[in-house]
S.K.: 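Mind looking over this structure? Questions follow.
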Amino acid sequence: MTDDQAANAVRDSFFALHHGLPRQGPGSDATTRRLLSFAGPLPARPRILDLGCGPGHSALLLAAETGGEVTAVDLHEPFLDELRAAARARGLDDRVHAVAADMGDLPYPAGSFDLIWAESSAYSIGFDTALARWRPLLAPGGTLALTECEWTTDAPSPEARAFWEEHYKLRTTEENLRACTAAGYAVLGVHHQPESDWDEYYGPLAARAEAADASRPGMAEALAGTRAELAMRREHGAEYGYTGYALRPVDAWPTRPETSADRAAVHGVNAAAFPTRAEADLVDALRADASAWLDGLSYVAEAPDGSVAAYALITRCTVGGAPAAALAPVAVRPEHQRSGAGAAVVRAVLDAARARGERLVVVLGHPNYYPRFGFTPASGFGVRVSFEVPDEALMALVLGGGDDSAPIPRGTITYPAAFGV
């Protein structure tokens, strides 16, 4: 057998292990529905693109529950045949269209889809590449939903790191959230997939591996790779997992976390944006307060020349004695006000807070501005301050993602000492 024949035999055996399985990656109907909920209302007959659809489990659910037209793309024709048969059996063959195409080089014009879907598939071209190449395909107001395997620990074991360095470079949720905002997306929601999503994939795959004929050409190698993957999950599964993201393109103002080199510019933005230097001095005082400062939640938006155009900060406060987060200050240089820079940096810092697992963010600000980010009167959550403010000016936002069942703090806000209240 030639090298090419041997490689083809391994590939064919790999697909033989996977044909007929309900899923080709970690997932569940509950996760699909959760990500779909982040997208909000869709058009009456949404145009949906499912990339790396495999046998089409998600494509079928999306078609059934949205009433949309689903274009399901994969390079492996046998998977597409499975999808076509399943769509016919469910009476969905008029709305589910299986297409053999490369997700990295798609034949569709800009603005073709209201929803782009990619569960357990973006890794094949890389997360950053997926964000960049698929964005133009979204219609105005469209949503991109995709899942990505990530580190769930800051210190992966040598065994886990060695395994993934060979297969795919993992990042943390925080790093991927930064990539999303840098690529020009607002994050509508984040969903950390439960272990049961892995069971839905690995349970049937393990049973198939046990029953496989190891004497088939290429099967021994395919089984070795599959068993190594299963063993890695069994022994080191707490160190990595899949996370789902729902994203929507926003106007382009590059945003990023503050660095030490930005501190003078940040001071200048706050001094220029407000009548006094009080807010600029407040940021400096908060930065010096270890109990208030939250690393990674001090964000800037860059002007075209690379200077700092806008700034937003989230620090630790408490509500009724429980940890919460306070958004303040938000500042935009006068020449960049009403340009979208402020909105971009607020979205970015809220996305970063969501990635950290923050549950509640409070803000004292203009009631005509902050509701666009999802803020509503804090009184509706039983949250208040110890001084007089108009009810509509004190607002709160509950962040999705993480453990959404965690209780929302209630009670009086205690701000860091630097606020002087």
S.K.: Could you tell me if R347 sits above the aromatic ring of W253, with its cationic atom closer than 6.0 Å to the ring centre and no more than 45 degrees from the axis?
M.R.: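 Cation-pi check for R347 and W253: fails.
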
S.K.: Does a side-chain N-to-carboxylate-O contact under 4.0 Å join R23 and D29?
M.R.: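 A salt bridge links R23 with D29.
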
S.K.: Salt bridge between E221 and R11, side-chain N to carboxylate O under 4.0 Å?
M.R.: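 No salt bridge links E221 with R11.
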
S.K.: Run the numbers on E82 and H19 for side-chain hydrogen bond (donor to acceptor under 3.5 Å, both in side chains), then give the verdict.
M.R.: CA-CA 9 Å; E82 290 182 38; H19 285 156; 5.0 Å; no

S.K.: Using a 4.5 Å cut-off on heavy atoms from C-beta on, say whether the side chain of E229 contacts that of T226.
M.R.: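 Counting from C-beta outward, T226 and E229 never come under 4.5 Å.
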
S.K.: To the nearest 0.5 Å, what is the distance between CG (L17) and CZ (R208)?
M.R.: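 Spacing of CG (L17) from CZ (R208) equals 7.5 Å.
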
S.K.: Name the residue from L49, I116, I48 that meets the side chain to side chain contact (heavy atoms under 4.5 Å, CB included) definition with T71.
M.R.: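 Exactly one option meets the side chain to side chain contact (heavy atoms under 4.5 Å, CB included) with T71, and it is L49.
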
S.K.: I'd like to check V300 versus V269 (side-chain heavy atoms, cut-off strictly below 4.5 Å). Are they in contact?
M.R.: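 When only atoms from C-beta onward are counted, V269 and V300 do not touch, as no gap falls below 4.5 Å.
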
S.K.: Using 30° and 60° as the class limits, which term best fits the ring planes of F373 and Y370: parallel, tilted or perpendicular?
M.R.: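 Taking Y370 first and then F373, their aromatic rings sit tilted (interplane angle of 30° to 60°).
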
S.K.: Under 30°, 30 to 60°, or over 60°: which ring-plane class applies to H167 and W164, parallel, tilted or perpendicular?
M.R.: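 Taking W164 first and then H167, their aromatic rings stand perpendicular (interplane angle over 60°).
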
S.K.: Check each of T414, V362, L360 against C317 using the side chain to side chain contact (heavy atoms under 4.5 Å, CB included) test, and report the only one that passes.
M.R.: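 That would be V362; it is the only one of T414, V362, L360 passing the side chain to side chain contact (heavy atoms under 4.5 Å, CB included) with C317.
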
S.K.: Salt bridge or not for R88 and D94, using N-O below 4.0 Å?
M.R.: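 Salt bridge absent between R88 and D94.
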
S.K.: Would you mind reporting whether C180 and D351 have side-chain heavy atoms less than 4.5 Å apart?
M.R.: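 Side chain of D351 against side chain of C180, heavy atoms only: no contact under 4.5 Å found.
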
S.K.: Should the pair R256-E302 be classified as a salt bridge under the 4.0 Å nitrogen-to-oxygen rule?
M.R.: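 Yes, this pair counts.
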
S.K.: Measuring only between side-chain heavy atoms, which start at C-beta, is L106 closer than 4.5 Å to L51?
M.R.: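 Yes; the side chains approach each other to less than 4.5 Å.
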
S.K.: Please tell me whether Y245 and H191 form a close aromatic pair, meaning their ring centres lie under 6.0 Å apart.
M.R.: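 When the ring centroids of Y245 and H191 are compared, they turn out to be at least 6.0 Å apart.
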
S.K.: Taking all non-hydrogen atoms of both residues into account, name the closest pair between Q24 and P55 and its distance.
M.R.: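 In this case the closest contact between Q24 and P55 is CG-CD, 3.4 Å.
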
S.K.: Is it true that E358 and R316 have a side-chain N and a carboxylate O under 4.0 angstrom from each other?
M.R.: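 The answer is yes: the pair qualifies as a salt bridge.
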
S.K.: Please step through ring-ring contact (aromatic ring centres under 6.0 Å, His included) for the pair Y299 and Y311, ending with a clear verdict.
M.R.: CA-CA 6 Å; Y299 258 70; Y311 177 74; 9.4 Å; no

S.K.: For L144 and L138, run side chain to side chain contact (heavy atoms under 4.5 Å, CB included): C-alpha distance rounded to whole Å, both residues' side-chain angles, the deciding distance at 0.1 Å, then the answer.
M.R.: CA-CA 8 Å; L144 168 61; L138 286 168; 4.1 Å; yes

S.K.: Determine whether a donor-acceptor pair (N or O, by modelled atom type, separation under 3.5 Å) exists between the side chain of T152 and the backbone of A238.
M.R.: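 Present.
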
S.K.: Ignoring hydrogens, what is the shortest heavy-atom contact between D262 and P257? Give both atom names and the distance.
M.R.: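 Looking at all heavy atoms of both residues, the shortest contact is OD2-O, 4.2 Å.
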
S.K.: Would you indicate whether R338, at its atom CZ, is surrounded by more than 12 heavy atoms from other residues, nucleotides or ligands within a distance under 6.0 Å?
M.R.: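 Check fails, neighbour count at 12 or below.
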
S.K.: Looking at R178 and E174, does any basic side-chain N land under 4.0 Å from a carboxylate oxygen?
M.R.: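 Between E174 and R178 there is a salt bridge, with a charged N closer than 4.0 Å to a carboxylate O.
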
S.K.: Is the shortest heavy-atom distance from the side chain of T412 to the side chain of V383 under 4.5 Å?
M.R.: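 In short, these two side chains do not touch, never coming nearer than 4.5 Å.
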
S.K.: Do you know the tightest heavy-atom contact between S13 and M219?
M.R.: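 Closest approach of S13 to M219, heavy atoms only: OG-N, 3.2 Å.
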
S.K.: Looking only at heavy atoms, which two atoms of L397 and G374 are closest? And how far apart?
M.R.: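 Minimum heavy-atom separation between L397 and G374: CD1-O, 3.4 Å.
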
S.K.: Under 4.5 Å between any side-chain heavy atoms of P323 and T318, yes or no?
M.R.: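 Not touching, per the 4.5 Å side-chain cut-off.
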
S.K.: Between L394 and V385, is there a side-chain heavy-atom distance shorter than 4.5 Å?
M.R.: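 Answer yes - side chains close enough.
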
S.K.: Between the side chains of E119 and S58, does any donor sit under 3.5 Å from an acceptor?
M.R.: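 On atom types as modelled, these side chains qualify, holding a pair under 3.5 Å.
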
S.K.: For D295 and R356, work out which heavy atoms get closest and say how close.
M.R.: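 Residues D295 and R356, closest heavy atoms: O-NH1, 3.2 Å.
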
S.K.: Give the intermediate values and the outcome of salt bridge (Lys or Arg N to Asp or Glu O under 4.0 Å) for residues D213 and R216.
M.R.: CA-CA 6 Å; D213 178 7; R216 170 179 171 162; over 6 Å; no

S.K.: Checking Y240 against H236 for the ring-ring contact (aromatic ring centres under 6.0 Å, His included) test, could you report, in this order, the C-alpha distance in whole Å, the side-chain angles of both residues, the deciding distance, and whether it holds?
M.R.: CA-CA 8 Å; Y240 60 93; H236 298 280; 8.2 Å; no

S.K.: Between W198 and Y242, is the ring centroid distance below 6.0 Å?
M.R.: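 Between Y242 and W198, which both carry aromatic rings, the centre distance is below 6.0 Å.
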
S.K.: Could you tell me whether E258 and R287 make a salt bridge, using a distance below 4.0 angstrom between a side-chain N and a carboxylate O?
M.R.: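 Yes.
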
S.K.: Give the intermediate values and the outcome of ring-ring contact (aromatic ring centres under 6.0 Å, His included) for residues H76 and H18.
M.R.: CA-CA 12 Å; H76 190 56; H18 287 75; 9.7 Å; no

S.K.: For the residue pair W117 and T32, establish whether any side-chain heavy-atom pair is separated by less than 4.5 Å.
M.R.: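 The answer is yes; the side chains approach within 4.5 Å.
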
S.K.: For side chain to side chain contact (heavy atoms under 4.5 Å, CB included), just list the numbers for E150 and T172, CA-CA rounded to whole Å, side-chain angles, deciding distance to a tenth of an Å, and then say yes or no.
M.R.: CA-CA 5 Å; E150 304 173 334; T172 63; 5.9 Å; no

S.K.: Answer yes or no: are there more than 12 heavy-atom neighbours, outside R45 itself, under 6.0 Å from its atom CZ?
M.R.: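 Result for CZ/R45: enclosed.
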
S.K.: About how many Å separate OG1 of T129 and OH of Y123, when rounded to the nearest 0.5 Å?
M.R.: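 If I round to the nearest 0.5 Å, the distance is 14.5 Å.
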
S.K.: Under 4.0 Å between a side-chain nitrogen and a carboxylate oxygen: does that hold for E239 and R233?
M.R.: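 Salt bridge absent between E239 and R233.
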
S.K.: Given T243 and E148, is the side-chain hydrogen bond (donor to acceptor under 3.5 Å, both in side chains) satisfied, shown in steps?
M.R.: CA-CA 5 Å; T243 298; E148 177 75 344; over 6 Å; no

